[in-house]
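The structure appears below as structure tokens.
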Amino acid sequence: MKLKLYETIARYLLGIIYLFGAVDGFLSIFFGIYITGNPAECSFLGILKHTLFFWAFMKSIQLIGAISLLSNYKPALGVALLTPISSVLCLFYFFVLNWYYALTVVAVLNLVLLRAYWPSYRALFADYPMRAPKQA
């Protein structure tokens, strides 16, 4: 599969964004270092960080997806793993933080990559009619 230059740039940018998020999450989990700041405990992000099992799971998925995109090893899988996180992140940017530029960047990068790797996902959405087996 031959990718265009803007698709390759989108892959690297989205990989860098999620790698930074994963590193920030693991630093806060293991060392108590907050690169992006320590959120208030009563905020959505603060509550999410204090549910340690989910925070570690989400950051692990981000790390796997980022490494997949940056190393170009099964990048369609990396995009598939990161798309639900991107969706929630975009909603968070829109409703809570009102960071419309960040929302636009993440959404556009993810949409470009979804379109680029669509042939890999096409089989998931193929129409397979459910038929009962023929009886003899």
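Just so it is clear, the values below take in all heavy atoms, side chains as well, and ignore hydrogens, waters and symmetry mates. Throughout, numbering of the chain's residues begins at 1 and tracks the sequence.
- Hydrophobic cluster membership is shared by Leu114 and Leu5, with clusters built from Ile, Leu, Val, Met, Phe, Trp and Tyr side chains linked at under 4.5 angstrom.
- A continuous path of ILVMFWY side-chain contacts below 4.5 Å connects Phe30 to Ile61, so both sit in one hydrophobic cluster.
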Side chains of residues 7-16: which donor-acceptor pairs under 3.5 Å do they make with residues two or more places apart or in other chains?
from, atom 1, to, atom 2, distance (Å)
Glu7, OE1, Lys4, N, 3.0
Thr8, OG1, Lys4, O, 3.2
Arg11, NH1, Leu69, O, 2.6

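- Residue pairs that meet the salt bridge (charged side-chain N to carboxylate O under 4.0 Å, His left out) test with at least one member in residues 18-34, sequence neighbours left out, do not exist here.
- Taking the side-chain contact (heavy atoms from CB on, under 4.5 Å) definition, one finds that Phe31 meets it with Leu27, Ile33, sequence neighbours left out.
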Kindly list each side-chain donor-acceptor pair under 3.5 angstrom involving residues 74-90, sequence neighbours excluded, with atom names and distances?
from, atom 1, to, atom 2, distance (Å)
Thr83, OG1, Val79, O, 2.6
Ser86, OG, Tyr18, OH, 2.6
Ser86, OG, Leu82, O, 3.0
Ser87, OG, Thr83, O, 2.9

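- The two atoms that bring Ser28 and Gly25 nearest to each other are OG-O, 2.8 Å, heavy atoms only.
- Not counting sequence neighbours, Arg122 has no partner by the salt bridge (Lys or Arg N to Asp or Glu O under 4.0 Å) test.
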Distance-only donor-acceptor hits, side chain of residues 97-112, under 3.5 Å, sequence neighbours excluded:
from, atom 1, to, atom 2, distance (Å)
Asn98, OD1, Tyr100, OH, 3.3
Thr104, OG1, Tyr100, O, 2.7

With a 3.5 Å cut-off and sequence neighbours excluded, list the donor-acceptor pairs that the side chains of residues 52-60 form with protein atoms.
from, atom 1, to, atom 2, distance (Å)
Lys59, NZ, Gly21, O, 3.2
Lys59, NZ, Gln62, OE1, 3.2
Ser60, OG, Ala56, O, 2.8

